[in-house]
Every structure is written in structure tokens, then in C-alpha cells.
Amino acid sequence: MAKYREFKGLNLPEIDSEILDFWTKDQIFEKSVTSKPEDKTFVFYEGPPSANGLPGIHHVMSRTVKDLFCRYHTMKGFRVERKGGWDTHGLPIELSVEKELGITKEDIGTKISVDEYNAKCRETVMRYKDLWDDITRKMGYWVDLDNPYITFKNDYIESVWWILSQLYQKDLLYKGYTIQPYSPAAGTGLSSHELNQPGCYRDVTDTTVVAQFKTIKETLPAVLQNLGEVHILAWTTTPWTLPSNTALTVGPKIDYAVVKTFNQYTFDAINVVLAAALVEKQFGGKFKKVETEAELSNYSVNDKTIPYYIVTEVKGSELLGIRYEQLLPYVLPYQNPENAFRVIGGNFVTTEDGTGVVHTAPTFGADDARAAKEAVPEVPPMLVLDDKGNPVPLVDLQGKFRQEMAELGGKYVKNEYYEEGKAPERSVDVEIAIRLKEENKAFKVEKYVHNYPHCWRTDKPILYYPLDSWFIKATAMKDKMVELNKTINWKPASTGEKRFGNWLENLQDWNLSRSRYWGIPLPIWRNADSTEEICIDSMATLEAEIKKANTKLGLHQELPKDIHRPYIDEVVLVSSTGEAMRREADLIDVWFDSGSMPYAQWHYPFENKDKIDRGQSFPADFIAEGVDQTRGWFYTLHAIASMVFGKVAFKNVVSNGLVLDKNGVKMSKRLGNVINPFDTIKLHGADATRWYMIANAPPWDNLKFDMAGVEEVKRKTFGTLYNTYSFFALYANIDGFTFEEAEVPLAERPEIDRWIIALLNDLIKQVDADFADYEPTNAARRIEEFIDAHLSNWYVRLCRRRFWKGDYTQDKIAAYQTLYTCLEAISRMMAPIAPFFADWLYKNLNDTTGKQGAVSVHLADFPPVDASAMDAELLERMDYAQRISSLILSLRKKDNIRVRQPLQKILLPVLNAGFKEQVEAVKDLILAEVNIKTIEYITDTDGVIHKKAKPNFKTLGKKLGKHMKAAGEIIAALDQKTISAIERENAYTLEVDSEQYELNLEDFEIISEDIPGWTVATDRGITVALDVNITDELYNEGIARELVNRIQNIRKDSDFEVTDRIIVNVEDHEVVRKAISSFSDYIRNEVLANEIRLSDSFDGTMTEIVEGVEVGLSVVKA
RNA sequence: AGUCUCGUAGCUCAGUUGGUUAGAGCACUACACUGAUAAUGUAGGGGUCGGCGGUUCAAAUCCGCCCGAGACUACCA
């Protein structure tokens, strides 16, 4: 006969490896996909990790989230393909290669060739693939590791090119300037990643200037017309950018003051405009405020203080459109100079420091460039044409002023850029400051300490500099993206609505260019003067273009085998006029790689067209990654899908939080607080780790990872469930229960069976809804609660004797069936979160009974809800039973009466109709659980209940408003008669503060907290009183129970089989003699004794029965 | 600096559309229970619900400001 497996103890890691072998051998993962219908798919995208770094515990977190919803939907009958993937390009890989080889970017092309460098990157990028594959298997993450997409493969790149070409054709790709951090000393742009290296931001002392911009009178608003010359003040920490000034930006809502005073360098009378809030700050030191304009005329040049007078105030919005004379008129912008030198608005302007007016040089400031661009008409940046006719800023790539700058031409804009000892005494900042002072254009010149970024390689200050870049015109598609985002189900919702929504609202064009080596090359070729360009959309097109160029230019080029740099750079194409076209040297942003994965993973549109066009694999039903991907992968997926296909890329997205250490500190190697996922899983098992992560906090909250929590999960949830199974297996094996019998109809099973089955179905329904709603934490917590509080500590505890007592009757079969059903349903419900243990439990049950067709829980269906088994009243009365029992135990404790001592009765006040019937139905359970003989119900007609009325704040609050407080006191003081009357008539007239209110029963909560003369206990409307009188008979029965307990302990200690019959020898004693004579049958029955012998002679160990009574007791096998 | 998230017992977390005395588990103490138990029950200690102000009869809950932790974006005159 088939037996259930029995174990010595719970060993989760052992279960992991056993089940892992089973999955591999029987190809369970493959079957879980292929056994589902092809036309019912649940589409999942794997966000590709980089195998260049080691897997950490946070990867276990995000992958648990991914895995569990995929498993859940598999069990709901969907086909869930999970193609793995690897992110292989990008700066971190380049940096790690450079570190390893001990080189810098400057060495590329000299010490090492580009192809050697790229070969090294390609080699490095998969360095930890084996470790990743290992953790993937060990944590139970089901993903196809055999056919992953890899972003450096030609096929993948070809798809990316195709997507880019689609954007190109939609006119969403353009080349333009952007202001980027740039290191003139190193001759390279810097990424924000590089800028965030420690030590890059340093305090430096710079010469700062508050410059006076002279306005053109005709353009001033009326209030400023009759003052004479008016200057606007603007502050800068980089005076070298002043020649490039083309606008002044004010805050439209900011108040500006017009101040009459004298220039401290030229002593000229001036009118200046600055933010009202900053007047005192700017007019500190030698300035002194005066209250009348007349006082100004007293000023003479030799005075120690300079008077100033506030003439009036205007809003920033009134200043818009004012024109001013160019401050340092070396050159004019080559484009639309008539639109330069005017006041524009910007919401980034603050009154924290400076003058509340921002000197705007669009060529050297990102904010400046944006404000200038958004102004209508657009403010031109200060660009001039070089000798080739290309627009360039006034500072060249070495960081020197161009020759157009006359006396400043050829000088570095920062003294730090000169070679050691070559720097001039006066920096250009100082030279400019002096000139402005002389020309009545400087209001104030000061040294100022501020934080400024430095290049991490050259240690010199960086410039913000306009660099050529390719952009995707994402702003053109903003509305579409916003609209589509509203259809996406974000978990948590706030990430989608707020964080992602705000990001879309403030969308900038996507800067695609990266001046690097290891990445997807931009597939755009241009002729020398950029009048013609081509965007390649496939290998076939490239090959055709190569052939065309070969013919026209007489070359012998071939399609490169590897389309990375440097090979792709060597390809020369030909323009319509027969000119050579060369590739734009940039690579594309790696984020574009990963955002293209829905299509590129299938080599779309060159293969697998249906996957996208017919929606078999697009859009995704579900994706999940860390919340840090909001502006990363989530955005790039969304942007590309919106722009190229006009669709969302994903319908549901879970963004999980970070995994911190147990103190809430970010894990880092430096702090040594990193949790090693391999060690954790090896020690505690994958399931305990997964369960802990899911149950402890919702995935989107940060998780403070505490190993003690994993241990608790192991002990409490898995330990309890294991014990419940062990208990089942032990007795089912004895009785030979293999679920061969027909199911006992629910109606014929006892109350408690119907209860646990009703509760189980309730649980299934809720857990199913939780999973469907992407709320795994609720699901896990419900399952835990069921296993521990209900199944183990109520059902099994109360039913124990049904399993080991008596013959193999229908009641016993019902008990086995009920427990089996619960265990099996739990295994299926928990399978998404705890895939190993669930399968182990499922197989232990199903391999013996063969009830289910599926050999693995992961091939089985999620348990269906049996609506006919659900019963709200039943759940309510069992809740009563649990609470009443708990109250009785509490009363026993108060009087120090052991549970083994039977008591006669409890009193239970009946307050509402139906309560008595409900309790009657579970009466036997209560009485057995707390060892009481009877329940006596009392009603208020008995006159022993003391009722109390409490206000129902919810209903009364609305009616009474501010009289609530007074009413509460009145209601609490209502007497018995009045309360009875309210109950009888369902009406009461309350008079409070001389106002009358008609109330009904609903407005009160009537409870009975007291039964005069009895000790009572109360819990949420239920009150219990306990009769603590112990009669002789009750006493004897108590002794009998004590004897049973001692004998059972001896059996257990002697390692008797649970079925062994015994003979008991008890030393004679008055107390035990009485008990045995009255309860002999009971005792023998309980302990499986053929005989109980009382003898005067001492026999066996001395055993205390009750306090003060000690007798000799021995037990032998019959 | 901006945007967003979080802040409840020593620790991890619940806390419904605002409603009476803010809960659970872990840990600690005592007692009890156990023929499944690394389990469980009962009782106890432990809270200015981050702070201040506001709305309201009533605020952990709604609003404003501030403090702290974290993430992302940016780094600016």
C-alpha cells in the first residue's frame, strides 16, 4: 500500500535540491509553458541584467516578484514564455575593462586598438554568467536561460537599427546641441555617472560679478519710463560666460524693486532693477537706505556710504520683453540676432541668492539653453560661424576664447587649464570684471566660494559646453505618452501617476549620443557638409549601400561580420552626388538597447513578425523591476512603444523598492553589510527567503533585510505547515488512508470540517484576487494566517483525537479528507511564492493518492473556489467559538484553575437574535476545548445582566455634530430600564443642549459587560461568566484527567508505539482511588490500557498527580 | 535644489470612506496546555502614531509647514 513520506525534520535546503532535480529531470518548466494553449498567452518581459556584476540579494527580490506572477498566471491556464536576456553594453563595462587593463579612455587608439578594446568588453560582459545562471536556478526563478537575447548580437543590433530608422522616418531624430559637462583638459564629455564620482564636487573660490545691463528705453513698461537710464542687475559666478549672454531671465511671479542709487566704482547715478527680496543683500556694506528721493542729492563722491532709494516695485511678468544693450559686444549670434538681448521668463529663477535675474548664456548652461529655447520668439545662443561655416560657441574645445574675442582671444577661460606656471596673473574672469567696472557695467565684484564639479580624471574644473548630439524628439510625442500611461496599471499607483507621470509632463528630448566605443553604433552616414544623410534600417540595406559605394567610389568593401566599432566606422557609403559619406561617430545610449527588447529579442521585423504584429508577444501583460528603473527601462520601453507603435509596451508593472540591510542602510561592500544570496539560500532555503521578502512588506516598500525574519518564516510558516503534514502522514499511514473512498459530502461532515473548508474557500477566493491584483504581500499574509491560526491551531488541535481514536469510520475519513484537501489547496496557493516547498508538499500528497493528474504543482491549476462550501454564518459562529474559548481560558487563569479540571457551566448573555443558535451549533467544540459541562444562556428577562449603552459614533456623529460629546456622556449614563426600552421600541428621543433628536437602535451599541456576582470577561460584544464551583465529582474527573496525562507522558517517554496496549500499575491513594473507581473506563480508553491495577505495594516512579498528592506509577506493555 | 516614497511598541509590520480604549507577530517575564509541535494559550510590561499648526463634534487617517531616511532627476545665475 502506498504510504505518505515521513521525515525526521524540516530541511528546506534539502527540499530545494530534491525538487530542483525533479524539475530538471522531468522538464517541468518547459512543460509548464508548452502544456498551455498558444492562443492564451500572458506576456512577460525580462529586464536584462548585466552579467558584468555579481548577483545580489536585491536581485532575488525583484526576480521573486517576476517569478511569482508568472507562475500564478501559468496556474491560471496561461502560456507564459519567459525569455531571458543580457544587457551587454554601456559605461560600467567600459570602466571595468579600463580598470582591469589599467588604461584610460585616452589610451584607446594608442596603447590599445579599438577592436582589442571591444574584444575585451565582449569577453568581460559575460564574466559572471555562470554565477547568474546558478542563482537563477537555486532561487527557483523560471526563465529560459538557454535562448536568451543578448544585446551585442548582430541580430539584436539590426532590430535596434530598424527601430531607429522608424523614428528617423517619422522625423523624430535630429542632431543638435546640448549642454553637457565637458572636460576641456581631457577633451571629452562626461556622463552624470562620471560626475557623481566621489570628490568631483569641490569648493572653489571664483570672481563673481553683478553686472548692469542697460535697458533700451523704448521697450520699458510705463512705470519705468520716466526714470532715466535703467539697468537690470544679474549675477554670475562665471564672468567668462558674459560675452555669450543673449538674454536675462526673470521669475514672472517674483517682485522686483527699482532702486535709485550710485555706482560704487564710477559713482554715476543709476537706476537698477533686482528682486525685491534681495535688495538688502545686494545693498549691504557701504550702502544705506534712504526714505526720500531728495536725500540722494546730498551724496558726494567722497562719502563713506552710498544712499539708495526704492522707487517702486514691479512683477517679473511686467519686465518680460524689455530689451537691453549687449553687455560685451564682441560679436553677434550668427542666427536671428534681433531676437537676442531681451528679458524672458523662467520658473527656475529663485531669490535665494544673486539678484533674482539670471544672466542667460544658452551656450554654457542647460537651464539657460532651455529657457532660451522656450521663449517666443526663441532667443538665439551666442554661436558664430567658424572658417568651415559651422556654428561654434565663443569658447573652443580646448577651453580657449576664439579669436573673435579680440584681446581675450586665445586665452583659457579658466586659469586651471594652463600648464603649470604658465597661467597669467589675471584670469579672464578678472579681466572682464575690470573692464565692466570701468564701463559702468559692474554693480559689484566679489570673491565667492561655491561648489563646482571637476573632472575625475584631470582634476580640473569642467565646463558646461554645447556638444553635438543626436536626439529623439520625445517632446513631440509627449501627449501620446501621457495618454497611454493612463492605461497602465502601476504598482504602486503613485509611481505611475506621480513619479512617472511628472517625468512625462516635464519630458525632454532624449539624448541618444554617447561618445564611446562599446555599444550599438548610430546607423547614420553623412557627407562632408552634412547636406545628405542616410539612416540604415537593416543589414540588407547596408549591404546594398556598400555595393553601391563600391561601384561608385571604386572600393572593395564588404559587410563587416561584426557591426561594432571600429569595423562599422570603416564603412564608407556614397551620396546621390557621388560624395563619400561617413558614419556619425557616436554610439547610442544603452537605454535604447534595453527599451528595444520587446522587438529586438525576436529579431523583429526580420523574423517572428507575428510576435509583434499579432500581439503574441507585445505588449507585455506584466513587467517588474526596481523603482530606480522608472526613468530607465520603464521609460525607454514606454517611449519606444509609444513613438514607433503607438501602443503601451506593458499593461501591468510592479516597481519594487530597494533591499536595505536590517538597519535600513544601503548595502555596500565598503560597509560589509551585504547579504550574500547564495549563503542565504543555502542556509535557509529559497522558499523561506522568497516568502520572507514577499510577506514582510509590499514589494514597493524598501525591505530591511533581516536574517532573523527569514528564520522566523522558516520556523513559523514552513515549520507549522510541515508539522501539520507530518501529523497527517503519521495517522493516514496507520489507517491506510489514500483518498480512495468517495468524498464524504460536506453536509455529512461535522461542523468543524465544514468550517475549515468554508474558510479555505474564502481564503482561495481572496488569495486569487490578491495575486490577480498584483498584491502578493496580502496573499502571503493570508496564507500564513490560515496555516498557523486556523488550520494548525484550531482545526488540527481540536480534531486530533478524531485521527488517532477509534475505528476507520466515516467521521475519520471525513477528517482525513478535510485535512488533505486543505493541505493540497495550500500547496497550490503558495506555489507561486514558495515553488519548492509547495511542489514537495503537493507531491508528497499526490504521489500517494494520485488525486490530481499533474505530476507537479506547477502543472496543476490554481485551486478553484467552491462557492457551495462557503458559509458566512458558519465562519461567524466559529469565530464566536474561538473567542468564547479564549475568554474562558482567561477566566480559568484568573482563578488559577487548570484546564484539566472540569467545571460545571458558563453563563452567556444573549443580546441579539440568532446568537444563541449560532453558539449552540458550536457548543460541543467549546465545551470540549475548555473542559466545561454546559452553557447557560441568560437574557435580560432573567434580570442578571447589566447592560451598558455606548454611542455609535459613526451614525450619531452625522446627526448630532457638535453635540456629540455631551450626547456621549448622556448615553453612557443611561439606565437599565431605558436601554431595554430602546431595544424594545427601536426609538429614543435624546435631548442635548435643549435640542431634541430622534434616535433608533442603530445609534447605540448595547453590551453586557457585567453579570453581578460573577467574574466575567469581555471581548468585542461577547461576555462570559464562569462557574468556578468544583464538586466532588468534578474533582474526581479532574484527577482522572491528570492520571491520563501522566500515563500518556510515560508512554511517550518510553517510546511506545501509539497503538500499543498497556497495563497500568498505580499506587493506592485515597485521591486516585476515588477517581479510578468513577472513571476507570474513561481512563483505560484514553491510554489504551487493558487494565488499571491499584496496589498498596510501591511500584514504578513517584509521580505528582495534583499538588500534595504523589503516587507510584508504572506502565508496561500488555 | 526639485519630484516621489517612507516614518505607528525594542524589531518587522497591520490599521477600511476620519469614529469610542491604536492592533498583530518577534523578543522579554510569569503561568498553563500538549499522544503532531523549534508549536500553542492566558496574563504582563512596552506608544507624545516623526514634530508643529490647521479643518472637524471627532485626526494615526484630511490639509499646510518643518524634521529624518531613501530613490530618481538636476546642479544652476
Side-chain angles (χ1 to χ4, degrees), chain A residues 9-10 181 192 195 201 208 234-238 241 248-249 348-350 352-361 365-368 451-453 464 492 494-495 498-500 502-503 506 626-632 657-658 660 662 664-666 695-697 700-702 704 706 708-709 712 714-716 719-720 722-731 777 781 784-785 788-789 792-793 796-797 800-801 803-804 885-886 889-894 896 898-900 950-957 960-968 972 1005 1045 1048-1049 1051-1052 1056 1058 1086-1088:
Chain A
L10 174 63
S192 59
L195 220 53
Y201 280 84
T208 68
W235 181 56
T236 180
T237 55
T238 52
T241 61
L248 293 171
T249 308
F348 62 92
V349 180
T350 68
E352 304 262 300
D353 46 24
T355 64
V357 180
V358 176
H359 143 61
T360 303
D367 276 341
D368 305 33
N451 211 250
Y452 197 83
Y464 286 91
S494 61
T495 299
K498 305 273 182 72
R499 190 188 276 219
F500 194 63
N502 289 349
W503 164 257
N506 299 313
V627 68
D628 53 333
Q629 295 296 338
T630 307
R631 284 145 165 140
L658 274 83
L660 308 169
K662 64 175 176 180
V665 180
K666 209 176 163 182
N696 189 65
W700 34 88
D701 280 357
N702 287 349
K704 291 182 194 167
D706 188 356
E712 190 183 322
K714 180 165 72 174
R715 199 176 66 235
K716 234 176 118 60
T720 305
Y722 163 82
N723 281 326
T724 306
Y725 166 76
S726 298
F727 172 82
F728 168 82
L730 174 67
Y731 293 106
T777 304
R781 287 175 179 171
E784 272 176 4
E785 167 88 5
D788 189 30
S792 174
N793 281 306
V796 173
R797 195 155 58 87
R800 265 188 322 244
R801 51 192 300 131
F803 291 90
W804 52 261
S885 300
S886 171
L889 291 173
S890 143
L891 287 169
R892 277 182 172 275
K893 164 70 191 162
K894 237 179 243 171
N896 262 327
R898 305 177 313 276
V899 179
R900 273 194 292 266
K950 285 184 173 181
N952 179 348
F953 283 82
K954 223 166 186 170
T955 61
L956 279 176
L960 302 183
K962 62 178 130 171
H963 296 133
M964 190 66 236
K965 219 167 227 167
E1005 195 185 334
N1045 170 257
Q1048 300 288 36
N1049 286 346
R1051 283 186 63 117
K1052 198 176 174 185
F1056 287 5
V1058 293
E1086 286 294 309
V1087 302
L1088 302 183

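Below, read A as the first sequence line, B as the second, and so on, with proteins coming before strands; counting in each chain starts at 1. Every heavy atom of this structure was used, including side-chain atoms; hydrogens, water molecules and symmetry mates were not.
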### Query
When Watson-Crick pairs (N1 to N3 and N6-O4 or O6-N4) and G-U wobble pairs (N1-O2 and O6-N3) count only below 3.5 Å on both distances, what is the dot-bracket string of RNA chain B, with | for other-strand pairs?
(((((((..((((.....[...)))).(((((.......))))).....(((((..]....))))))))))))....
### Query
What does nucleotides 1-8 of chain B look like as a protein-contact string, B for base, S for sugar-phosphate only, - for none, at under 4.0 angstrom between heavy atoms?
--SBS---
### Query
What is the per-nucleotide protein-contact pattern of nucleotides 41-46 of chain B, from the 5' end, where B denotes a base atom under 4.0 Å from a protein heavy atom, S denotes such proximity for sugar-phosphate atoms only, and - denotes neither?
SSS---
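Legend: residues meeting side chain to side chain donor-acceptor pair (under 3.5 Å) with E712(A), ordered by chain and number and at least two apart, are absent. V627(A) meets the side chain to side chain contact (heavy atoms under 4.5 Å, CB included) test with T495(A), R499(A), T630(A), S655(A); sequence neighbours excluded. Evaluation of the side chain to side chain donor-acceptor pair (under 3.5 Å) rule for T238(A) yields T236(A), T241(A) as partners, not counting sequence neighbours. With sequence neighbours left out, the side chain to side chain contact (heavy atoms under 4.5 Å, CB included) criterion links T208(A) to W235(A), T237(A), E446(A), Y448(A). Partners of N1045(A) by side chain to side chain contact (heavy atoms under 4.5 Å, CB included), not counting sequence neighbours, listed by chain and number: R900(A), N1049(A). Not a single ring pair (Phe, Tyr, Trp, His ring centres under 6.0 Å) links F953(A) to another residue, sequence neighbours left out. R715(A) pairs by the side chain to side chain donor-acceptor pair (under 3.5 Å) definition with nothing, not counting sequence neighbours. With sequence neighbours excluded, the residues that form a side chain to side chain donor-acceptor pair (under 3.5 Å) with R801(A) are E1086(A).
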Report, one pair per line, the protein and nucleotides 60-66 of chain B atoms (nitrogen or oxygen only) whose separation is under 3.5 Å.
none

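The nucleotide whose nearest atom lies closest to any side-chain atom of D788(A) is, among U40(B), U73(B), C57(B), U40(B).
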